[in-house]
Amino acid sequence: MNSAFPLLLLLSLVTFFSSKFCFGSTDTITSTDFIKHPSTIISNADSFELGWFSPPNSTAQYVGIWYHQISIQTLVWVANKDTPLNNTSGIFTISNDGNLVVLDEYNTIIWSSNITSPTANTTARILDSGNLVLEDPVSGVFIWESFQHPSNLLLPSMKLITNKRTQQKLQYTSWKTPSDPSKGNFSLALDVINIPEAVVWNNNGGSPYWRSGPWNGQSFIGFPNMISVYHIGFSLMIEDQTYSFSIFYNSNLLYNMVLSPEGILEQQFWNESKGNWEVSWSAFRTECDYYGVCGAFGVCNAEAIPVCSCLTGFKPKVEDEWKRGNWSNGCVRITPLQCESSARNNSRAEEDGFLKLEMVKVPFLVEWSNSSTSGSDCKQECFENCSCSAYAYENGIGCMLWKKELIDVQKFESLGANLYLRLANADLLKINDVKRKSKGMIIAIVLPTILVIFIILAIYFWWRWKAYKNEYSRKGNRLKLRTDDMIGDKSEFKELPLYDFEKLAIATDSFALSKKLGQGGFGPVYKGTLLDGQEIAIKRLSRASNQGYEEFINEVIVISKLQHRNLVQLLGCCIEGEEKMLIYEYMPNSSLDAFIFGSAKQKLLDWRKRFNIINGIARGLLYLHRDSRLRIIHRDLKASNILLDKDMNPKISDFGMARIFGGNEVEANTIRVVGTYGYMSPEYAMQGQFSEKSDVFSFGVLLLEIISGKKNTGFNNHEHALSLLEFAWKLWIEDNLIALIDPTIYELSYHLEILRCIQVGLLCVEESINDRPNIVTILSMLNSEIVDLPLPKQPSFIARPTQRDSRISQQCVNKYSTNSLTVTSVIGR
Ligand SMILES: *[C@@H]1O[C@H](CO)[C@@H](O)[C@H](O)[C@H]1NC(C)=O
Ligand SMILES: *[C@@H]1O[C@H](CO)[C@@H](O)[C@H](O)[C@H]1NC(C)=O
Ligand SMILES: *[C@@H]1O[C@H](CO)[C@@H](O)[C@H](O)[C@H]1NC(C)=O
Ligand SMILES: *[C@@H]1O[C@H](CO)[C@@H](O)[C@H](O)[C@H]1NC(C)=O
Ligand SMILES: *[C@@H]1O[C@H](CO)[C@@H](O)[C@H](O)[C@H]1NC(C)=O
Ligand SMILES: *[C@@H]1O[C@H](CO)[C@@H](O)[C@H](O)[C@H]1NC(C)=O
Ligand SMILES: *[C@@H]1O[C@H](CO)[C@@H](O)[C@H](O)[C@H]1NC(C)=O
Ligand SMILES: *[C@@H]1O[C@H](CO)[C@@H](O)[C@H](O)[C@H]1NC(C)=O
Ligand SMILES: *[C@@H]1O[C@H](CO)[C@@H](O)[C@H](O)[C@H]1NC(C)=O
Ligand SMILES: *[C@@H]1O[C@H](CO)[C@@H](O)[C@H](O)[C@H]1NC(C)=O
Ligand SMILES: *[C@@H]1O[C@H](CO)[C@@H](O)[C@H](O)[C@H]1NC(C)=O
């Protein structure tokens, strides 16, 4: 009797409501609604669907969320993972106390959102991000979110969150099998004991299965292919003690990161034409990616056979097993350390030293020292504690120390970090001996051989050069620039498609004035139409311009290595005799300055388009700054260098001034201050010091220009002759930012977003380099991932330098007035 009554009630409810959900046109459920197979609810923009499902090869019934618009049912979240139903008689609803529940046909709760103090009359809604939220009816606050109780899959707006103090982690757990979503063998979480690191744990043994290596502020060391796929974008935010890692990608494609039942972390994209997911990145590329394959003090090198060897100065612990390929026992020291033996033995052995291992994934269980602020401090700190067996010093992290066994060291072909391994002096001497011997070999045999080859080559090239001088040849359709064409230390060009001068002349009506699009950094730019109809832009180096030639080569070096949707694409070049030209994709909408600064076109860019442009520029900059393989400071970011394609997507152009930074270089100095006043950061304009943050400054100016529709330089407010930055700051102080906004873009519904952007712009132009956010943070701020923005400090007003700065400015202007139009405002007479 007891259970029959609710059942009857329920059955009547089912009949009463079943018509309501036949159409599945809503995205919410309330305490009076429920979802029963096969009805579903769908998010507002049709992106995600919630309902009952059975995994492949299974009849068990679960409540879950999946992508609505793709042909393969891909589950992103499951409610009753561990308690499936056997048939389709269950319902998903909100209980009287306000919790989300899954009920079986006897009205028994088999899953609950389990909030301890729920409020009545809550509603649940599925959002377009894929998040299922339970809302408080009064405040609208989310009292429960499926994103906080994730399954095996990371959607773009989901995060790996860990609180360093409480060690509370948001864990992602693999499915048992593709047909069983219950708790599998692996889980993914962000490990933040000392330095943040993503780790896949094996739930059975509690040991790591895969690890990313520590986060160095830009990427995970030990994750080299993260760079090559980095257009996918990773970010790690630290707020107070909370670390959150997320993925983002400037794309319309669907993408996610998923932990497979086998513990393999993969990033996948939906390929519409293929109708399937495509794995773009996998945590396991080689055998070496399994945690600790080579045991303690072993090192794994995927290029070597066998992959495992002992670290230098170590030998296998169990020789026979090691030879058999059983590496689990690891290695032990050959010679004990002096610091260990001297206490007991008073031996006269020499002090221990350190051996540098280059390009490695550093071991697990790192300790971090906040007292050492340089490589030598770090070395000393490690040296002073005998249990310290290795150290490393990395920009972006600082001093890392390892006090125990070294586990999971991996040797890379490139990138990675330098690890300094503590060894007894005797072992270090031995290593040096070996090195010296091989050096001797080189001197005795290899050097003479090289010398002979060199002489032969020299004669050959001299002969070729003579032949070349005699007969000017135009054969071959590809160009490989030779070393003597290069400047500075910039190495190796990629091969670039070579265009025929004649074809380009035809394409531009012999470089007719009517085809001229404008003036670039080092020469005029023409529009051309090739015979096959392709439209191109041709930048022609002005003759007899040395400066221009340097910039030309620089542009080739920089841009030929880059490819990103927010950077203009170089198609090829043409070098024939005196003529030097670069060929780019043609941008039908010319540059941003043509749109924002007070022309009739101003109206064509509404706020959404401008926001998209701001975001695109930021993403282009992110690509330039955060590719640690080739970090690039643009140095001349301004509205006229932002080109717009037919869909008004921004593309950064003009890399004539760009500087490539080495992996660890953070800032540099230059005597040649190049760039454009109004966009130059104070430290760059005055001291020639440039870094990512000088580009950030320019970005800030650009952002304010885009919003206000006014130029920073030559900006005249009718009352006072203020620069745009001064004007913006004045309005900020007066709490009257609306006056800054270009009236053609202002709409009340965008009010907050625009103000937010202005605040970001003001943060970017702050005087102190350290106060300015980096580009990763800027993107998070723009996209409201960081909700509370810091308050900006007064910007520096560099537009009109004082007397003190005039010397440098003058020098600059002199240098550029003849052959470059880049310095647009002449100042400091
Ligand atoms: C389902 O079963 C079939 C036949 O046993 C098998 O080929 C297929 O791989 C299975 N699918 C999944 C997802 O396990
Ligand atoms: C489903 O069926 C299996 C075996 O047939 C049984 O063990 C399990 O208890 C059933 N589950 C429910 C919720 O009835
Ligand atoms: C659903 O399964 C339960 C046991 O798992 C069973 O008692 C019930 O009769 C089934 N209902 C239907 C409609 O098949
Ligand atoms: C609900 O929470 C309580 C305590 O917070 C816990 O003991 C219980 O196992 C939870 N139930 C479910 C289904 O998660
Ligand atoms: C919930 O809604 C019902 C009907 O709308 C109402 O009678 C009841 O007072 C509400 N309860 C609360 C706690 O607001
Ligand atoms: C999970 O671990 C169990 C026990 O170690 C093993 O039997 C099972 O095959 C593992 N599953 C997967 C998918 O590796
Ligand atoms: C999608 O798949 C098709 C066919 O396999 C392939 O040609 C295309 O390059 C893929 N698209 C993307 C974006 O990877
Ligand atoms: C590897 O060696 C250890 C210790 O000698 C032994 O316990 C283990 O069974 C060996 N593993 C294999 C796969 O042979
Ligand atoms: C002490 O020194 C002797 C030789 O100098 C060496 O054989 C022995 O292993 C050392 N003892 C310890 C505990 O290091
Ligand atoms: C280093 O960290 C300790 C605690 O972890 C803290 O008390 C100390 O102030 C820090 N020192 C510096 C220089 O940051
Ligand atoms: C060396 O490091 C260990 C582990 O951090 C620590 O416990 C020990 O006190 C240190 N020893 C010295 C002499 O600082």
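Both ligands and their constituent atoms are indexed starting at 1 by order of listing. This one's a predicted model, so the numbers in the text were calculated from it and none came from an experiment.
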How close does the nearest protein non-hydrogen atom get to atom 4 (C) of ligand 6, and which residue and atom is it? Asn204 ND2, 3.8 Å
Any luck finding a side-chain donor-acceptor pair between Ser54 and Ser58 under 3.5 Å? no
In a check of side chain to side chain contact (heavy atoms under 4.5 Å, CB included) between Ile617 and each of Asn615, Ile613, Ile614, which one passes? Ile613
At less than 4.0 angstrom from any non-hydrogen atom of Lys274, what atoms of ligand 7 do you find? 2 (O), 5 (O)
Who's the nearest protein heavy-atom neighbour of atom 6 (C) of ligand 8, and how far? Asn326 ND2, 4.1 Å
Identify the closest protein heavy atom to atom 11 (N) of ligand 6: which residue and atom is it, and at what distance? Asn185 ND2, 2.8 Å
Distance flag, aromatic centroids of Phe284 and Tyr209, threshold under 6.0 Å: yes
When you look for heavy atoms under 4.0 Å from ligand 7, do you find them on the side chain of Glu278, its backbone, both, or neither? side chain
Among the heavy atoms of Val318, does any lie under 4.0 Å from an atom of ligand 8? no
Would you please indicate yes or no on a ring centroid separation below 6.0 angstrom for Phe186 and Tyr172? no
With a 6.0 Å cut-off on the ring centroids, do Phe297 and Phe314 count as close? yes
Do Arg211 and Asp408 meet the salt-bridge criterion of a basic N to acidic O distance under 4.0 Å? yes
Under-4.0 Å heavy-atom contact between protein and atom 14 (O) of ligand 8: yes
Considering only heavy atoms of Ser273, which atoms of ligand 7 have at least one such atom less than 4.0 Å away? 1 (C), 2 (O), 3 (C)
Please name the residue in the list Pro150, Ser246, Ser129 that meets the side chain to side chain contact (heavy atoms under 4.5 Å, CB included) test with Met158. Pro150
Would you mind listing which atoms of ligand 8 come within a distance below 4.0 Å of any non-hydrogen atom of Ser328? 1 (C)
What about Lys176: any of its N or O atoms under 3.5 Å from an N or O on ligand 6? no
Closer than 4.0 Å: a protein non-hydrogen atom to atom 9 (O) of ligand 7: no
The atoms of ligand 7 lying under 4.0 Å from a heavy atom of Asn271, numbered in the order shown, are 1 (C), 2 (O), 3 (C), 8 (C), 10 (C), 11 (N), 12 (C), 14 (O)
Would you give the length of the straight line joining atom OG of Ser151 to atom CD1 of Ile65, rounded to the nearest 0.5 angstrom? 10.0 Å
